[in-house]
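Order of the sequence lines fixes the chain letters, A, B, ..., with proteins taken first and strands second; residue numbering starts at 1 for each chain.
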Amino acid sequence: MSYSKKVLDHFQCPRNVGELEDANGIGMVGNAKCGDIMQMFIKVNDDGIIEDVSFKTFGCGAAVATSSMATEMIKGKTIDEALKLTNSAVVEALEGLPPAKVHCSVLAEEAVKLAIEDYKKKKEEL
Amino acid sequence: MSYSKKVLDHFQCPRNVGELEDANGIGMVGNAKCGDIMQMFIKVNDDGIIEDVSFKTFGCGAAVATSSMATEMIKGKTIDEALKLTNSAVVEALEGLPPAKVHCSVLAEEAVKLAIEDYKKKKEEL
Amino acid sequence: MKVYLDNAATTAMSKEVLEEMLPFFSEVYGNPSSVHSFGQASKNALDTARARVATALGAKPSEIIFTGGGTEADNAAILGVAQKLQKKGKHIITTAIEHHAVLHACEKLEKEGFTVTYLPVDEFGLVTASQVEQAIKDDTILVTIMYANNEVGTIMPISEIGAVCNARGILFHTDAVQAVGHIHIDVVEQNIDLLSLSAHKLHGPKGVGALYMKKGTNLPPFIYGGAQEFKRRAGTENVAGIVGLGKAIELATASIDENAKKQTAMRDRLIDGILKNIPEVKLNGHPTKRLPNNVNVSIKYIEGESILLMLDINGIAASSGSACTSGSLDPSHVLLALGLSHETAHGSVRLTLSEYNTYEEIDYTIKTLETITQRLRAMSPLYNPTTKSFSKDENTHSH
Amino acid sequence: MKVYLDNAATTAMSKEVLEEMLPFFSEVYGNPSSVHSFGQASKNALDTARARVATALGAKPSEIIFTGGGTEADNAAILGVAQKLQKKGKHIITTAIEHHAVLHACEKLEKEGFTVTYLPVDEFGLVTASQVEQAIKDDTILVTIMYANNEVGTIMPISEIGAVCNARGILFHTDAVQAVGHIHIDVVEQNIDLLSLSAHKLHGPKGVGALYMKKGTNLPPFIYGGAQEFKRRAGTENVAGIVGLGKAIELATASIDENAKKQTAMRDRLIDGILKNIPEVKLNGHPTKRLPNNVNVSIKYIEGESILLMLDINGIAASSGSACTSGSLDPSHVLLALGLSHETAHGSVRLTLSEYNTYEEIDYTIKTLETITQRLRAMSPLYNPTTKSFSKDENTHSH
Ligand SMILES: Cc1ncc(COP(=O)(O)O)c(C=O)c1O
Ligand SMILES: Cc1ncc(COP(=O)(O)O)c(C=O)c1O
């Protein structure tokens, strides 16, 4: 795989890995059949700011790197800002992805959106 | 061309080349279209022995070598013995010919036969 | 430490092979079709190589056609038989776990109206001769079954299949790209009519291979032009490459038993080490009917390409059943045919040895793989440290 | 003295090319399809080579498909267009003097129901763009005309033919095996859709070539299997060979003018020397629209293979229009198409230069050819020293 340095960096030293104990929003996308599963945990504070975020990913190098990058890009942002995260912004931040791997960035975008949706739903339920 | 040493020897130093001034039998076979023409000159003495022989050949290495070898093989022989010369005897004497070149040995056999025929015809005419 | 464990993908060329090839670039450079001595020297080199390949297979030199690799040989055999015998019949038998060089050639023929039976394999990757026998129909013109599988290393019962085909008068082709130079082959005894091989799988150069075509099989040309390669494969010959193939196959067959013994010992140490040190790992392929150099394991909860990348970062070259590079999201058709779930197939790693590897490398690889597995599992949403059984939810994640 | 004058058959590989290739045998040996760094290093080498070939032709890297040689590229182009466009039409236009790689591919198509127009050439080996234009029919799907002829060196009016094809919306393929690296080519300006080239004609390795396929042409695969070469030519890539092709084409195009100048001067000295010193000799091909490295003469009354053997004994490697090696008795179809009699065609010799030749070699060759001609004429039943005119009985011996 001809991954960019940035991708390899995020793959080797992924930021924000693991399960967030006190997450109030969780999003999961993908399935094992296709070889990629991403789980995104967010902790949104009362001001609607994503105070903390983490991920768990089963997948290729690009899947890990996009998850890692996505967490960095939304950390400290409001959920409205985070909802604006696009997959191409993730790709760009990673200094590109091989064409066959662009779908991973879509998963990352979706995981973020699902986590926020989950947070909103839970909030409504409260 | 993977010619045997013998073929290359007869090609480089052909025996009995040229026109026999006092030939009493001449045979010519082949044509320029096919790339091979052989001319065989024989001088038969009163005892029916081929006293002298020579050839001229337009053709490939095998054509030259088979002509040369054929002259050696009939020189000093009676015309009856010479008529028994086969192309495979020529091939054998040359230590083999590439398959694509066996036709040259046939030409040599034919040229000898035609020269003897020519001699006989001329003799009858006398 | 740099450890190359992807010898089923390709091998390092041997120094002896390189030495043998070197004169044929800038010194003995004539065209083998040329009449002059420059050309004849090249032609002699081709003859020597052809004799060496023939000897390795128990064939005659006139039955060896050099090609541009294993894929080309596979295509030439399959498409050639189809072209020649289509009036006789349009049915072909193969297996579900062939290399794409065979499968995609068969698929092309299906589009042209041929029917192809893809025999299923058992959990170890085996087909049986009686499966072949039962699949034969009146219009079967070809059986093409690989000698040994490139992913899981399973060795097929080629002699038995050859006997069935011979008895029924059906042409038998085997893709022996992974087998030649590694296990003993005798095309006559084994009733093989057509066999493909490739130099770069046996420490020879890339881009050169051969098709063994039994006398009388007489397939049509597959490249049209000059009279090279018995008028079957036109084009100026890759002289240096062919010389390399000849030398490589000679070297490989000369030490075939010795190399097999050495590799089998290293292979088993690697398998045992992985199975002992890493929980929830499964060996793919047959435990004993397997290439001496092949290890293929599924490591549960983690994904193949990630494992490869981590291995690579640690200097180890391996391969996986996760077909990431091709743009397809599906895992290996071979692993799926063996009955693995998509998830498990995605987590498979292939480690293939050569006689150049060392025990030190093997031990380093076991250790590294253990560490990597821990790291990636810690990151995996599928991994639950309390889960213990491997096969329990084997299929739960597929849809 | 050893003099190699058969550079149209194949060339000596340049030392610089060999040096560039060497690491790709036993050091950088990964499979370009592999994910790991061993594989990526090989992949990068392929990318570099592809860019170099593209640059030499004025093409884009994605338009270059590496093949197992010039013949394979010719076959892929012609059979590929036929397969793709057979529903649109079944007529192909070519010339009578193409290489067998083109002619035999066309003949195969004729057997499958295509019709092929073989345009005649003039006495110099030229076709004109208006000949092409007039031959175009409603169902014409391809024009395939060589860039420069391999036997007599004649350079075809490719730009003009390209313009005609472009205007009529017909695909244009050119077999540029003899032209690439020798004369300037620009596939865009010249409206070329498909172009074949081969490394071993430009001091590169044997057994590797390329097909330029203009974006959008989109021919079907010609070898089925893995996803290599944009899924057109499956099989593990001949990495070292491709690296060699890339380097060779870069070197050749960098000094194309300088080499052409040097070779043209040597060529003309050779032609003049032969015509002046040997009576009854005829230059074949065009006097000026000719490859810088090609000399082709007919030496009356004597036969080509004999001349070659004598030259070879004297250390000179040449080629002839007498197709002795193939088992056919017919002389070159090219020379016959130029209007030569069988007899004259049989007596033709091709001497093809490279920038490695020297004036000393040229002068030695002239002298040697003179002596050989005398010897062989003395042996020839066709030669009569009193005959003076060359063309008089040009046709008397054919039947
Ligand atoms: C004009 C022409 N086309 C095609 C070819 C075939 O190229 P290759 O020998 O690389 O297959 C050659 C040379 O042999 C040639 O001169
Ligand atoms: C079983 C099998 N068949 C065919 C091939 C194709 O050989 P090549 O890459 O030389 O075309 C390979 C390897 O790639 C293989 O492993």
Side-chain angles (χ1 to χ4, degrees), chain C residues 4 6 9-15 18 21 25-26 29-31 33-39 67-72 74-75 99-101 104-105 107-108 198 200 205-208 223-227 234-241 305 308-309 311-312 317-320 324-327, chain D residues 4 6 9-15 18 21 25-26 29-31 33-39 67-72 74-75 99-101 104-105 107-108 198 200 205-208 223-227 234-241 305 308-309 311-312 317-320 324-327:
Chain C
Y4 186 75
D6 202 9
T10 194
T11 57
M13 209 170 80
S14 116
K15 303 276 180 207
L18 179 56
M21 288 168 69
F25 290 114
S26 306
Y29 54 80
N31 189 316
S33 300
S34 295
V35 169
H36 47 68
S37 48
F38 289 79
T67 68
T71 300
E72 190 185 310
D74 283 338
N75 275 232
H99 190 270
H100 283 148
H104 290 170
E107 285 159 17
K108 175 186 155 54
S198 184
H200 72 101
K206 294 176 179 60
V208 55
I223 299 187
Y224 299 85
T236 303
E237 300 89 341
N238 177 355
V239 178
E305 198 212 89
L308 293 198
L309 278 177
L311 284 170
D312 191 34
S319 156
S320 97
C324 322
T325 47
S326 66
Chain D
Y4 187 74
D6 202 9
T10 194
T11 58
M13 209 172 78
S14 116
K15 302 276 180 207
L18 179 56
M21 288 169 69
F25 290 115
S26 306
Y29 55 80
N31 189 317
S33 300
S34 296
V35 169
H36 47 67
S37 48
F38 289 79
T67 69
T71 300
E72 190 185 310
D74 282 339
N75 275 233
H99 190 270
H100 283 150
H104 290 171
E107 285 158 18
K108 176 187 154 51
S198 185
H200 72 100
K206 294 176 179 58
V208 55
I223 300 189
Y224 299 85
T236 302
E237 301 89 341
N238 177 356
V239 179
E305 197 211 89
L308 293 197
L309 277 177
L311 284 170
D312 191 34
S319 156
S320 98
C324 322
T325 48
S326 66

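- Both the backbone and the side chain of D/Ile223 come within contact range of chain C, judged by heavy atoms closer than 4.5 Å.
- Under the 3.5 Å distance criterion, the side-chain polar atoms of D/Ser26 are matched with a main-chain donor or acceptor of C/Met13.
- D/Asp74 and D/His99 are not linked by any side-chain donor-acceptor pair at a separation below 3.5 angstrom, with hydrogens and angles left out of the test.
- Heavy-atom distances place no part of C/Ser319 under 4.5 Å from chain D, backbone and side chain included.
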- request: Run the numbers on C/Asn75 and C/Thr71 for side-chain contact (heavy atoms from CB on, under 4.5 Å), then give the verdict.
  value: CA-CA 6 Å; C/Asn75 275 232; C/Thr71 300; 3.9 Å; yes

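- In terms of non-hydrogen atom pairs under 4.5 Å with chain D, the most contact-rich of C/Val208, C/Leu18, C/Leu308 is C/Leu18.
- Looking only at side-chain heavy atoms (C-beta outward), C/Asn238 and D/Asn238 come within less than 4.5 Å of each other.
- Of the listed residues (D/Lys15, D/Met21, D/Lys108), the greatest number of heavy-atom pairs within a distance under 4.5 Å of chain C belongs to D/Lys108.
- Under a 3.5 Å cut-off, the side chain of C/Lys206 and the backbone N or O of D/Tyr29 do form a donor-acceptor pair.
- The closest donor-acceptor contact from the side chain of D/His100 to the backbone of C/Gly225 lies at 3.5 Å or more, if one exists at all.
- Interface residue D/Thr11: only backbone heavy atoms are found under 4.5 Å from chain C.
- Both the backbone and the side chain of D/Ala9 come within contact range of chain C, with heavy atoms under 4.5 Å apart.
- Proximity to chain D (any heavy atom under 4.5 Å) is restricted, for C/Ser14, to the backbone atoms N, CA, C and O.
- The candidate from D/Gly69, D/Pro205, D/Ala234 with the greatest count of non-hydrogen atom pairs under 4.5 Å with chain C is D/Ala234.
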task: Could you walk me through whether D/His36 and C/Tyr4 pass side-chain contact (heavy atoms from CB on, under 4.5 Å), step by step?
output: CA-CA 10 Å; D/His36 47 67; C/Tyr4 186 75; 4.1 Å; yes

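- Neither the backbone nor the side chain of C/Ser198 comes within less than 4.5 Å of any heavy atom of chain D.
- Of the listed residues (C/Ala240, C/Gly235, C/Ser37), the one with the most heavy-atom contacts under 4.5 Å to chain D is C/Ser37.
- The parts of C/Glu72 that come within reach of chain D are both its backbone and its side chain, each placing non-hydrogen atoms under 4.5 angstrom from that chain.
- Residues C/Ala317 and D/Phe38 share a closest heavy-atom pair of CB-CD1, 3.4 Å.
- Highest contact tally toward chain C, considering only D/Gly226, D/Gly70, D/Ala318, D/Gly241, is held by D/Ala318 [criterion: heavy-atom pairs under 4.5 Å].
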